[in-house]
> 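Starting off with a structure, shown below.
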Amino acid sequence: VTFKPIDIKHQSEDLLLGLGKHRIFLSATIPSIDIFTDELGLNRDETTFIEVKYSSFPVGNRPIITTIKGGKMGYTTRNETSFIQTAQAISQIMDLHPNEKGLILPYTDEIEERVSEELSGFGSQYSNRLVRHGKHPQERNDVFADFNADDGGNDVLISTYANQGYDGKVCGFSIIVKLPFPALGDTRTRMKMKANDDWYKSETATYLMQMVGRIVRSRTDTGVTYIIDPAFDFHYNEGFAGKPLKTFIPHYIDDAIL
């Protein structure tokens, strides 16, 4: 049995906010200040939000390409054909970067497993480049360390654990296979989405911002990010209820999307 709080805002004063008279929260991923303050139980009238609307990373160093499409990866829409189409898109991108390391972010274990299987069927030129790890934390950390230690080669790391926090500056390209919508199979997620649809979109935007930031880690880093989810264009530019994902994405990321 797993117990999760629906929210903590009514306990946040005792758990966190009461530790000092002034608090400074610093984050590169605050898609909505209203949702952020509500989640933490902050008084909006007593909170100052300072937004940095630019990036010191040159936009030409971090293009986000969305014109190469894989198969539909939604939970109810993915099938055998979808995985084949996704593997084809990934192989096309790997061919564009034959001498560079890469990172594939599949988002779910099932997608990682199936895409790896399909790529293996395309030939050793793809399967030999793939680097995977098990679920044990020490093994995962060892694989990450070995992958990052070698600046040469053209290995491609595929991992559901590299979505956030992973420093992939050794990679010349990354591939986002699926938009990171929180799983609706989770009871807490369904309840919070029902209470506030903007929360769900804000969470998705947060994860997406994390994913596009994996390989360009400084002003001098360069790398191409590919988003191959065919649902991206609709959700990013239109969205349900007339509120697209781009509403929650900073302009300096939007400027890089091609």
Side-chain angles (χ1 to χ4, degrees), residues 62-75 78 80-135 139-181 204 207-217 221-232 256-257:
R62 49 184 177 86
I64 302 171
I65 308 297
T66 62
T67 52
I68 298 176
K69 306 295 187 184
K72 295 179 180 179
M73 286 290 108
Y75 182 75
R78 58 182 180 250
E80 184 67 30
T81 300
S82 299
F83 288 114
I84 293 173
Q85 291 171 336
T86 296
Q88 288 173 334
I90 292 173
S91 67
Q92 179 183 347
I93 294 168
M94 290 173 72
D95 287 341
L96 294 173
H97 301 269
N99 301 313
E100 294 179 280
K101 285 194 167 186
L103 175 66
I104 302 173
L105 302 174
Y107 193 56
T108 74
D109 291 340
E110 180 195 7
I111 295 175
E112 176 183 335
E113 186 66 35
R114 293 296 305 278
V115 166
S116 298
E117 290 177 359
E118 295 297 340
L119 276 174
S120 296
F122 286 6
S124 59
Q125 67 269 38
Y126 305 110
S127 59
N128 288 346
R129 291 181 66 181
L130 277 187
V131 175
R132 301 181 64 188
H133 59 73
K135 303 309 177 185
E139 179 194 348
R140 180 175 71 242
N141 293 339
D142 289 343
V143 170
F144 282 3
D146 290 342
F147 182 78
N148 288 344
D150 181 11
D151 290 335
N154 65 349
D155 289 343
V156 179
L157 175 66
I158 181 168
S159 171
T160 59
Y161 286 85
N163 296 324
Q164 303 177 60
Y166 172 68
D167 187 340
K169 62 184 177 182
V170 299
C171 299
F173 68 98
S174 67
I175 303 172
I176 297 173
V177 175
K178 179 186 182 300
L179 280 173
F181 289 107
T204 303
Y207 288 129
L208 182 61
M209 290 159 63
Q210 289 280 357
M211 294 168 87
V212 301
R214 290 309 93 214
I215 63 174
V216 178
R217 310 290 291 172
D221 287 341
T222 60
V224 184
T225 296
Y226 298 87
I227 301 177
I228 64 173
D229 188 340
F232 174 80
I257 295 177

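In this text the structure is predicted, and so the values were computed from the model without any measurement.
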> Measure across T160 and P106 and return the closest heavy-atom pair with its distance rounded to 0.1 Å.
CG2-CG, 3.7 Å

> For the residue pair R78 and E110, establish whether any side-chain heavy-atom pair is separated by less than 4.5 Å.
yes

> When you compare the side chain of Y107 with that of N163, does any pair of heavy atoms fall below 4.5 Å?
yes

> Please report the interatomic distance CD1(I257) to OG1(T67), rounded to the nearest 0.5 Å.
12.0 Å

> Roughly how far, to the nearest 0.5 Å, is the CG atom of N141 from the CG atom of D146?
11.0 Å

> Please give me the minimum heavy-atom distance between R129 and N154, naming the atom from each residue.
NE-O, 2.7 Å

> Hey, could you give me the OH/OG distance between Y126 and S120, rounded to the nearest 0.5 Å?
12.5 Å

> Going from CG on L105 to CD on Q210, what distance comes out if it is rounded to the nearest 0.5 angstrom?
11.0 Å

> Looking at K101 and G168, would you say the former's side chain and the latter's main chain have a donor-acceptor pair under 3.5 Å?
no

> Do D221 and I215 come within less than 4.5 Å of each other through their side chains, counting heavy atoms only?
no

> Can you tell if the side chain of F122 reaches within under 4.5 Å of the side chain of M94, non-hydrogen atoms only?
no

> If you compare all heavy atoms of L208 against all heavy atoms of P180, which two are closest, and at what distance to 0.1 Å?
N-CG, 3.5 Å

> Take atom NZ in K69; do more than 12 heavy atoms of anything else shown fall under 6.0 Å from it?
yes

> When you compare the side chain of I68 with that of Q88, does any pair of heavy atoms fall below 4.5 Å?
no

> For the CG atom of L130 and the OG atom of S116, what is their distance to the nearest 0.5 Å?
5.5 Å

> Kindly state each residue pair satisfying ring pair (Phe, Tyr, Trp, His ring centres under 6.0 Å) with at least one member in residues 152-171, sequence neighbours excluded.
H133-Y161, F144-Y166

> Of the non-hydrogen atoms in G71 and T86, which two are nearest, and what is the gap between them?
N-OG1, 3.0 Å

> Sub-3.5 Å donor-acceptor pair from the side chain of T225 to the main-chain atoms of I64, do we have one?
no

> Judged by atom type as modelled, is there a donor-acceptor pair below 3.5 Å linking the side chain of S82 to the main-chain atoms of M73?
no

> State, with a plain yes or no, whether a side-chain heavy atom of E113 is found less than 4.5 Å away from one of D109.
no

> Would you say the side chain of L157 lies within less than 4.5 Å of the side chain of V143, judging by non-hydrogen atoms?
yes

> Identify, with sequence neighbours excluded, every residue that meets side-chain hydrogen bond (donor to acceptor under 3.5 Å, both in side chains) alongside Q85.
none

> Any side-chain heavy-atom pair from I111 and F83 closer than 4.5 angstrom?
yes

> Identify the heavy atoms of I84 and E118 that sit nearest to each other, and give their distance.
CG1-OE1, 3.6 Å

> Looking only at heavy atoms, what is the nearest atom pair of V216 and T222, with distance?
CG2-C, 4.0 Å

> CD1 of I90 to CD1 of I104: how many Å apart, nearest 0.5 Å?
4.5 Å

> Between Y226 and L96, is a side chain to side chain contact (heavy atoms under 4.5 Å, CB included) present by the stated rule, with each step listed?
CA-CA 12 Å; Y226 298 87; L96 294 173; 4.1 Å; yes

